[in-house]
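Below is one structure; the comments refer to it alone.
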Amino acid sequence: MATQIQKILIDDLDGGEANETVTFAIDGSAYEIDLSGDNAKKLREALSSFVSGARRAEGASTRGRKRGGGQRPSREKSSEIRAWAKAHGISVSERGRIASSVVEQYEAAH
């Protein structure tokens with residue numbers, strides 16, 4: 001006998017189907033929200049002018065730092081990649097390094 005478990009993300013804003021979990025932080029608190037592609041785009045567009053004018057917080061990961069010949073995603077980005085992979089049925093570990101093939105698939109989708 002086989003068991004199949006399916007995880008379905010529901011958009012936290014409109015109750016429709018969500019495609020990804022978006023992680024963000026403000027005033028020292030981190031948040032996650034499940035959103036459809038359209039709602040995630042709206043959130044990113046709404047924050048883009050603030051992000052472009054901001055600086056990284058001290059102690060935050062530096063995006064694009066090279067290790068082992070490739071780029072390693074920040075912790076926040078790793079969480080987003082893991083959520084995206086799970087939502088798309090791609091096997092990914094809960095902790096540790098994310099396989100480069102998974103990161104590449106995520107980047108290609110975004």
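Sequence positions, counted from 1, serve as the residue numbers for this chain.
For the atom pair OG of S36 and NZ of K41, the computed distance is 11.5 Å after rounding to the nearest 0.5 Å. Atoms OH and OG, on Y106 and S78 in that order, are 10.0 Å from each other to the nearest 0.5 Å.
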Expected list for residues 44-54: side-chain donor-acceptor pairs under 3.5 angstrom, two or more places apart:
{"residue": "R44", "atom": "NH2", "partner": "E20", "partner atom": "OE1", "Å": "2.9"}
{"residue": "R44", "atom": "NH2", "partner": "E80", "partner atom": "OE2", "Å": "2.9"}
{"residue": "S48", "atom": "OG", "partner": "E45", "partner atom": "O", "Å": "2.9"}
{"residue": "S52", "atom": "OG", "partner": "S48", "partner atom": "O", "Å": "3.2"}
{"residue": "S52", "atom": "OG", "partner": "S49", "partner atom": "O", "Å": "3.0"}

With a 3.5 Å cut-off and sequence neighbours excluded, list the donor-acceptor pairs that the side chains of residues 27-34 form with protein atoms.
{"residue": "E32", "atom": "OE2", "partner": "S79", "partner atom": "OG", "Å": "3.3"}
{"residue": "D34", "atom": "OD1", "partner": "T21", "partner atom": "OG1", "Å": "2.5"}

Under 3.5 Å, sequence neighbours excluded: what are the donor-acceptor pairs made by side chains of residues 86-94?
{"residue": "K86", "atom": "NZ", "partner": "E94", "partner atom": "OE1", "Å": "3.1"}
{"residue": "K86", "atom": "NZ", "partner": "E94", "partner atom": "OE2", "Å": "2.5"}
{"residue": "H88", "atom": "ND1", "partner": "W84", "partner atom": "O", "Å": "2.8"}
{"residue": "H88", "atom": "ND1", "partner": "W84", "partner atom": "NE1", "Å": "3.3"}
{"residue": "S93", "atom": "OG", "partner": "R95", "partner atom": "O", "Å": "2.8"}

Can you check side chain to side chain contact (heavy atoms under 4.5 Å, CB included) on L9 and N19, steps first, answer last?
CA-CA 7 Å; L9 291 177; N19 304 92; over 6 Å; no
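Closest heavy-atom contact between V102 and A85: CG1-CB, 3.9 Å. Looking at every heavy atom in both residues, A40 comes nearest to V22 through CB-CG2, 4.0 Å.
Residues L35 and L13 form a side-chain contact, since some pair of their non-hydrogen atoms from C-beta on lies under 4.5 Å apart.
Scanning for side-chain contact (heavy atoms from CB on, under 4.5 Å) contacts around D14 gives D11, N39, with sequence neighbours left out.
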